[in-house]
Amino acid sequence: MAVLNLPARWCRRLGFRCRLLTAALALMATPAWAQVEEAALKAAFVYNIVAFSNWNRGGSADTLVICANTRSSLDAALVDLGGRRIGQRRIAVRRNTGYAGCDVLVHAGDAKPKPADAATLIICDGCQLPDGVSAVALVREGNRIRFDVDTGSVAVAGISLSSQLLRLARQVL
């Protein structure tokens, strides 16, 4: 009888150790997963903000160019948007290049870019609006990602944003 109980006890102990090891690995990996998830979430925000924007001054009929210059994991997440479509336009993403030909420019909060084309939607990752440059700011509020809109900068760029998008904004300035 004792011999039969030994494998059962061993299995229970091994099961506990496996659960403990799994929990420890999950706790160690959480910050890396959170960073990747945040970048992907911000890229989804950019995609949806662009989807609810209209360029009044034209723009390329077949390609929408997003220039990524955040110097963070957000750049890689934005590159993953390449090839997707918004309406009739296919998204092309350029990383850390000049600003000429950009329909959308995503930059870090510490940068003050001057795009070559006035009809550029400028989205800032982590800045406070109004900053004199950006039309939209992605902001972290607790454990959530939100966005603010500077309607003055949007109007100067000749871009109109959907009222649905403006209702979702944390602040509309």
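Here the structure is a predicted model, which means the values were calculated and not measured. The basis for the numbers below is simple: all heavy atoms, side chains too, and nothing from hydrogens, waters or symmetry mates.
- Side-chain N or O atoms of W55 include one that pairs as donor or acceptor with a backbone N or O of A119 at under 3.5 Å.
- Around CD of Q171, the count of heavy atoms belonging to other residues, nucleotides or ligands within 6.0 Å exceeds 12.
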Residue pair D62, R89: steps toward the salt bridge (charged side-chain N to carboxylate O under 4.0 Å, His left out) verdict | CA-CA 5 Å; D62 58 348; R89 300 175 80 182; over 6 Å; no
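- With a 4.5 Å cut-off on side-chain heavy atoms, V106 and N69 do not count as touching.
- Here the closest heavy-atom approach between residue I86 and residue A51 is recorded as CG2-CA, 3.7 Å.
- Side-chain contact check for T70 and D75: at least one donor-acceptor pair (N or O, by modelled atom type) lies under 3.5 Å.
- Here CZ of R140 is found 7.0 Å from NZ of K42. Values are rounded to the nearest 0.5 Å.
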Dump the intermediate steps for side chain to side chain contact (heavy atoms under 4.5 Å, CB included) on D148 and V139, then the final yes or no.
-> CA-CA 7 Å; D148 297 335; V139 293; 4.0 Å; yes
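- A pairwise comparison of heavy atoms in R90 and R85 identifies N-NH1, 3.6 Å as the closest pair.
- For the atom pair CG of N48 and CZ of F147, the computed distance is 9.0 Å after rounding to the nearest 0.5 Å.
- When all heavy atoms of L74 and A43 are compared, the pair lying nearest together is CD1-N, 3.7 Å.
- Formation of a donor-acceptor pair under 3.5 Å by the T120 side chain with backbone atoms of C102 is found in this model.
- F52 is not listed as a side-chain neighbour of L161, based on a closest heavy-atom distance of 4.5 Å or more.
- The hydrophobic cluster containing L173 does not contain V136, counting ILVMFWY residues as joined when their side-chain heavy atoms lie under 4.5 angstrom apart, directly or transitively.
- Looking at every heavy atom in both residues, V65 comes nearest to G101 through CB-O, 3.4 Å.
- Listed for the S162 side chain is a donor-acceptor partner under 3.5 Å among the backbone atoms of Q164.
- You'll find the side chain of L129 reaches within 4.5 Å of the side chain of S134, heavy atoms only.
- Counting heavy atoms from C-beta outward, I122 and H107 have side chains that approach closer than 4.5 Å.
- A side-chain contact (heavy atoms from CB on, under 4.5 Å) with L78 is found for one member of I123, V46, V104, I91 and no other, namely V46.
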Would you check, one step at a time, whether the test side chain to side chain contact (heavy atoms under 4.5 Å, CB included) holds for I49 with L121?
-> CA-CA 10 Å; I49 289 166; L121 178 61; 4.2 Å; yes
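- Between D131 and V133, the shortest heavy-atom distance links the atoms OD1-N, 2.9 Å.
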Hey, mind stepping through L166 and V149 against side chain to side chain contact (heavy atoms under 4.5 Å, CB included) and telling me if it holds?
-> CA-CA 7 Å; L166 294 176; V149 176; 3.8 Å; yes
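- In terms of heavy atoms, D150 sits closest to P130 at OD2-CB, 3.5 Å.
- A cation-pi arrangement is present between R84 and Y47, with the terminal nitrogen or guanidinium carbon under 6.0 Å from the aromatic centre and inside a 45° cone about the axis.
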Step by step, would you call T151 with V172 a side chain to side chain contact (heavy atoms under 4.5 Å, CB included)?
-> CA-CA 7 Å; T151 55; V172 178; 3.5 Å; yes
